[in-house]
Visitor: 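Attaching a single structure in structure tokens format; questions to follow.
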Amino acid sequence: MSSVSGILSRNSVDVDDRKLDQLRDALLHRGPDGAGRYVKSGVGFVQTRLAIIDLTTGDQPLYHENGSAIVANGEIYNYLELRRELGEAGFKTGSDSETALRLYARDGIAGFDKLRGMYAFAIHDVVDNQVILCRDPFGIKQLYYVETPDYFAFASEPHALIAAGLAGRELRSDVRAELLQIQFGTGTHTIFDGINRLLPGETLVLKNGRVVERRRRAVLSDEGVLGTSLEDALGEWDRVFEEAVRLHQRSDVDYAMFLSGGVDSASLLGMMHRLNERPVCAYTAAFEAGSVHDERELARKVAKVCNARHIEVMFSESDFWDLLPEVAAAVDDPCADYAILPTYKLAKEAARDFKVVLSGEGGDELFGGYGRYRSVMRPFLLGGRVMRSKGTFDALDVLRAEVVHGWRDGIAASENRESRGKRSRLAIAQAVDCSDWLPNDLLIKLDRCLMAHGLEGRTPFLDPMVAEFAYRLPDRLKIRKGTGKFMLRNWLDRCLPMAEPFGKKLGFTVPVAEWIGQQGKRLGPLVARQPGIAEIAKPGAVEKLFVTGGKKEGAAAWHLLFYALWHRSNVLGHAPSGDVFETLTH
């Protein structure tokens with residue numbers, strides 16, 4: 001785990017060492033255990049390292065005997081199997097990343113289809129004089145790039161490109177509209193004009209700093225639905241999930257996991273308990289008394305039956321006000337997901353004793369867990385509706401119309417793209433979520449929160465073999481009689497009934513609307529006068545919103561508060577200065 005960044009010259013001049021230093025320095029928080037540099041023939045790479053696998057010889061860049069080099073971020077979990085396939089004799093290190101380099105030397109970019117893991121890496125192929133950039137198929141690890149007449153530059157976080165003077169802070173209005181209306185952006189473009197995302201599963205081939213080939217590895221199958229019974233599915237799932245968790249536990253350092261009261265994390269702990277002789281350490285977010293549902297009691301029961309060392313991390317209202325400015329600053333590719341706050345504090349606590357945690361992201365998307373999936377399956381006359389058909393600010397008369405114009409275009413494009421073959425409505429909805437919501441909200445949240453504290457997050461549900469199995473399940477094994485994740489709940493009921501898998505799922509929530517509402521009179525004027533808010537909102541509407549109350553108004557107030565703080569740090573360049581109120585006052 002680490003960061004990667006680099007500059008490819010387009011005019012045959014040497015790469016600017018000072019720019020490489022600036023890229024490296026902006027990403028040191030991701031890799032406190034070391035840094036590496038590679039410069040050759042107009043190509044410059046820098047890497048910062050969080051040492052997880054091969055602590056002794058795994059420093060990067062790594063080299064092939066033909067002179068080619070790789071810098072990589074992430075983990076390739078099936079590296080031991082790939083080493084045996086490739087032949088152990090040629091390897092120079094014990095690093096998992098070396099397998100990608102040697103696969104490429106043997107099979108070209110097609111070899112990357114064999115990788116099981118989370119990764120974003122760059123290879124300088126000196127034989128064919130080209131550079132390869134590659135991102136894992138679910139987009140667990142991010143990679144961003146910018147193109148100018150003089151260079152192509154890339155980095156693990158957009159702010160590094162800005163800090164090095166390789167990109168500006170100007171915003172794209174269409175992506176800003178998406179952020180305000182649905183809390184995340186879609187597609188290739190980030191909110192920063194000129195900074196693009198390498199898409200999940202995408203590989204770029206560059207010559208002389210220019211893209212000459214693009215290839216996309218699909219992660220969701222078009223091969224049709226599996227014809228399987230519940231019993232057969234349960235048996236196959238047990239095998240697939242055990243292998244995925246076993247691979248995701250490969251590490252030369254200790255690991256822990258994040259535990260909520262939900263089906264996904266309980267399933268993960270149950271399997272980790274099966275595979276580990278020592279007690280697993282499980283971290284759970286807990287909340288002060290209030291209107292929010294707190295799942296810690298159920299988490300306690302699950303932890304106890306699994307003999308886990310259970311650590312509860314209290315997230316209070318004061319944590320919300322104190323941490324939000326630094327969290328908003330850290331999420332440079334913004335997602336206004338309130339779950340980012342307890343995740344940030346969980347990561348901070350876990351990083352005191354661990355470098356790796358496993359978590360349950362992906363279970364809802366692959367097994368049909370969200371309520372919106374049940375809605376898209378119903379006929380429109382019976383309450384069915386298109387996902388994300390309404391935006392957060394619809395009918396509130398707060399933002400100027402031109403600010404949110406066309407906010408649903410990216411989602412609509414994804415729906416059109418994923419509506420292929422014989423996919424059911426449910427399968428299309430799942431694919432749309434895996435295309436944008438998952439990589440651009442949940443996985444950015446996980447990456448930035450954990451890497452801010454030098455902590456690696458692993459997601460076994462997003463293993464390609466898990467996806468191959470889960471996505472192809474028939475709809476009746478995903479959702480039955482209004483119950484999502486039907487097959488997974490049945491498996492958990494047999495393996496760990498104490499988790500109450502068929503109990504009502506209340507979801508993971510944070511009482512942000514309640515906390516904001518209590519401070520609305522004080523907070524509204526502070527938010528309203530922020531430059532980022534003043535340019536998008538109608539005069540007087542923001543202050544009124546913060547004191548109106550109501551669920552919809554609370555969600556909109558949260559989005560504006562997050563955006564105001566994000567804009568101050570990431571656009572205006574002002575570092576957080578104290579809690580929310582102090583930061584907005586300065």
Side-chain angles (χ1 to χ4, degrees), residues 2-11 13-31 35-39 42-48 71-74 119-122 124 131-135 139 141-172 174-176 179 184-185 187-200 202 204 206 209-211 328-335 439-440 443-444 447-448 451-452 566-575:
S2 57
S3 73
V4 293
S5 53
I7 303 172
L8 317 180
S9 174
R10 287 182 166 180
N11 52 19
V13 301
D14 293 336
V15 173
D16 187 337
D17 279 338
R18 184 175 57 86
K19 297 289 186 185
L20 292 177
D21 288 342
Q22 291 170 328
L23 286 171
R24 178 202 61 206
D25 293 347
L27 296 168
L28 284 175
H29 60 282
R30 301 182 64 93
R37 178 187 298 255
Y38 171 88
V39 179
V43 173
F45 296 160
V46 285
Q47 188 252 12
T48 64
V71 291
N73 172 27
Y119 48 84
F121 58 76
H124 185 201
V131 170
I132 312 297
L133 300 181
C134 182
R135 186 181 179 194
K141 293 290 100 183
Q142 295 81 36
L143 196 61
Y144 303 88
Y145 65 91
V146 61
E147 298 181 84
T148 78
D150 296 322
Y151 56 78
F152 180 105
F154 64 92
S156 294
E157 297 180 9
H159 84 95
L161 296 168
I162 295 171
L166 299 168
R169 299 177 187 266
E170 295 77 18
L171 301 185
R172 286 186 61 102
D174 55 343
V175 181
R176 180 181 60 190
L179 173 66
F184 64 94
T188 299
H189 301 299
T190 72
I191 197 168
F192 294 108
D193 192 19
I195 301 181
N196 295 321
R197 303 182 183 101
L198 201 66
L199 293 173
E202 191 170 36
L204 300 186
L206 299 105
R210 291 173 171 80
V211 179
V331 191
D332 53 350
D333 189 0
C335 56
N440 299 334
L443 295 177
I444 286 179
D447 178 84
R448 299 303 196 277
M451 293 310 296
W566 178 88
H567 187 275
R568 280 185 61 86
S569 290
N570 290 284
V571 178
L572 301 181
H574 302 321

Visitor: Determine whether Leu20 and Ile7 satisfy the following criterion, side-chain contact (heavy atoms from CB on, under 4.5 Å), listing intermediate values before the conclusion.
Guide: CA-CA 7 Å; Leu20 292 177; Ile7 303 172; 4.1 Å; yes
Visitor: Are the side chains of His124 and Tyr38 in contact, using a 4.5 Å heavy-atom criterion?
Guide: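 Yes. Closest side-chain heavy atoms under 4.5 Å.
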Visitor: Between Thr48 and Ser3, does a side-chain hydrogen bond (donor to acceptor under 3.5 Å, both in side chains) hold up when you go through it step by step?
Guide: CA-CA 5 Å; Thr48 64; Ser3 73; 2.6 Å; yes
Visitor: Look at the aromatic rings of Phe152 and Tyr145 and report parallel, tilted or perpendicular, splitting at 30° and 60°.
Guide: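 Plane angle under 30°, so parallel.
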Visitor: For the pair Tyr144 (side chain) and Leu161 (backbone), establish whether a donor and an acceptor sit closer than 3.5 Å, ignoring hydrogens and angles.
Guide: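 Answer holds: no.
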Visitor: List for me each residue that meets side chain to side chain contact (heavy atoms under 4.5 Å, CB included) alongside Gln22, sequence neighbours excluded, and say none if there are none.
Guide: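 Checked Gln22 against side chain to side chain contact (heavy atoms under 4.5 Å, CB included); matches are Arg18, Lys19, Ala164.
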Visitor: Would you check, one step at a time, whether the test salt bridge (charged side-chain N to carboxylate O under 4.0 Å, His left out) holds for Arg210 with Glu147?
Guide: CA-CA 8 Å; Arg210 291 173 171 80; Glu147 298 181 84; over 6 Å; no
Visitor: With sequence neighbours excluded, what pairs up with Arg197 under the salt bridge (Lys or Arg N to Asp or Glu O under 4.0 Å) test?
Guide: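 Salt bridge (Lys or Arg N to Asp or Glu O under 4.0 Å) check on Arg197 returns Asp333.
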Visitor: Verify side-chain contact (heavy atoms from CB on, under 4.5 Å) between Phe184 and Leu179, making sure each step is shown before the conclusion.
Guide: CA-CA 5 Å; Phe184 64 94; Leu179 173 66; 5.8 Å; no
Visitor: With distance as the sole criterion, is a donor-acceptor pair present between the side chains of Asn196 and His189 under 3.5 Å?
Guide: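 Yes, His189 and Asn196 have a side-chain donor paired with an acceptor closer than 3.5 Å.
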Visitor: Leu23 and Ala155: which non-hydrogen atoms are nearest, and at how many Å?
Guide: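 Taking every non-hydrogen atom into account, CD2-CB, 4.4 Å.
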Visitor: Side chains of Leu27 and Ser5: closer than 4.5 Å at any heavy-atom pair?
Guide: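 Side-chain contact under 4.5 Å: yes.
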Visitor: Minimum heavy-atom separation for Asn440 to Cys335, with atom names?
Guide: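 Asn440 and Cys335 have their closest heavy atoms at O-CB, 3.8 Å.
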Visitor: Report yes or no: does Ser156 contribute a side-chain atom to a donor-acceptor pair with the main-chain N or O of Ser2 at less than 3.5 Å?
Guide: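 The answer is no, because no donor-acceptor pair under 3.5 Å joins these two groups.
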Visitor: Side chains of Leu143 and Leu133: does their closest heavy-atom pair fall under 4.5 Å?
Guide: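 The answer is yes, as the side chains (C-beta and beyond) meet within the 4.5 Å cut-off.
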Visitor: Looking at side-chain heavy atoms only, is the closest gap between Val571 and Glu170 below 4.5 Å?
Guide: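 Not touching, per the 4.5 Å side-chain cut-off.
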Visitor: Would the distance check show the side chain of Asn570 and the main-chain N or O of Trp566 forming a donor-acceptor pair, the cut-off being under 3.5 Å?
Guide: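 Flag set: sc Asn570 to bb Trp566 pair under 3.5 Å.
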Visitor: Is Arg169 salt-bridged to Asp332, going by a charged N under 4.0 Å from an acidic O?
Guide: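 Here Arg169 does not pair with Asp332 in a salt bridge, since their nearest N and O are not under 4.0 Å apart.
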Visitor: Could you grab the distance from atom CD1 of Ile195 to atom CG of Leu166, nearest 0.5 Å is fine?
Guide: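 Result: 9.0 Å between the selected atoms.
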Visitor: Inspect the contact between Arg30 and Glu157 and indicate whether a charged nitrogen and a carboxylate oxygen are less than 4.0 angstrom apart.
Guide: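 Arg30 and Glu157: salt-bridged.
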Visitor: Treating Ser569 as the side-chain partner and His574 as the backbone partner, does any N or O pair qualify as donor plus acceptor under 3.5 Å?
Guide: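 Present.
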Visitor: Please answer whether the main-chain N or O of Leu198 pairs with a side-chain N or O of Arg135 as donor and acceptor at a distance below 3.5 Å.
Guide: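 Here the side-chain-to-backbone pair exists.
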Visitor: Give a yes-or-no answer on whether the side chains of Arg37 and Gln47 include a donor-acceptor pair shorter than 3.5 Å.
Guide: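 Judged by distance alone, the side chains do not pair up.
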Visitor: Can you give me the closest heavy-atom contact between Gly74 and Lys141, atom names plus distance?
Guide: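 Minimum heavy-atom separation between Gly74 and Lys141: CA-CG, 4.3 Å.
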Visitor: Determine, stepwise, if the pair Phe121 / Asn73 fulfils side-chain contact (heavy atoms from CB on, under 4.5 Å).
Guide: CA-CA 6 Å; Phe121 58 76; Asn73 172 27; over 6 Å; no
Visitor: Does any part of the side chain of Ile132, heavy atoms only, come nearer than 4.5 Å to the side chain of Leu204, both counted from C-beta?
Guide: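 Counting from C-beta outward, Leu204 and Ile132 never come under 4.5 Å.
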Visitor: As a quick check of understanding, evaluate side-chain contact (heavy atoms from CB on, under 4.5 Å) for Val39 and Asp17, giving each step before the final call.
Guide: CA-CA 9 Å; Val39 179; Asp17 279 338; 4.3 Å; yes
Visitor: Under 6.0 Å from the CG atom of Asp14, do we count more than 12 heavy atoms belonging to anything else shown?
Guide: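 No.
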Visitor: Please name the pair of heavy atoms, one in Phe154 and one in Ala122, separated by the smallest distance, quoted to 0.1 Å.
Guide: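 Result for this residue pair: CZ-CB, 3.7 Å.
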Visitor: So do Leu443 and Gln142 actually touch side chain to side chain, heavy atoms under 4.5 Å?
Guide: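 A side-chain contact exists here, since the closest heavy-atom pair is under 4.5 Å.
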Visitor: Mind checking the CD1-CZ spacing from Ile191 to Arg172? Nearest 0.5 Å is all I need.
Guide: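 Taking CD1 in Ile191 and CZ in Arg172, the distance rounds to 10.5 Å.
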Visitor: Is Phe192 close to Leu171 at the side-chain level, that is, under 4.5 Å between some pair of heavy atoms?
Guide: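 Yes, close enough: below the 4.5 Å cut-off.
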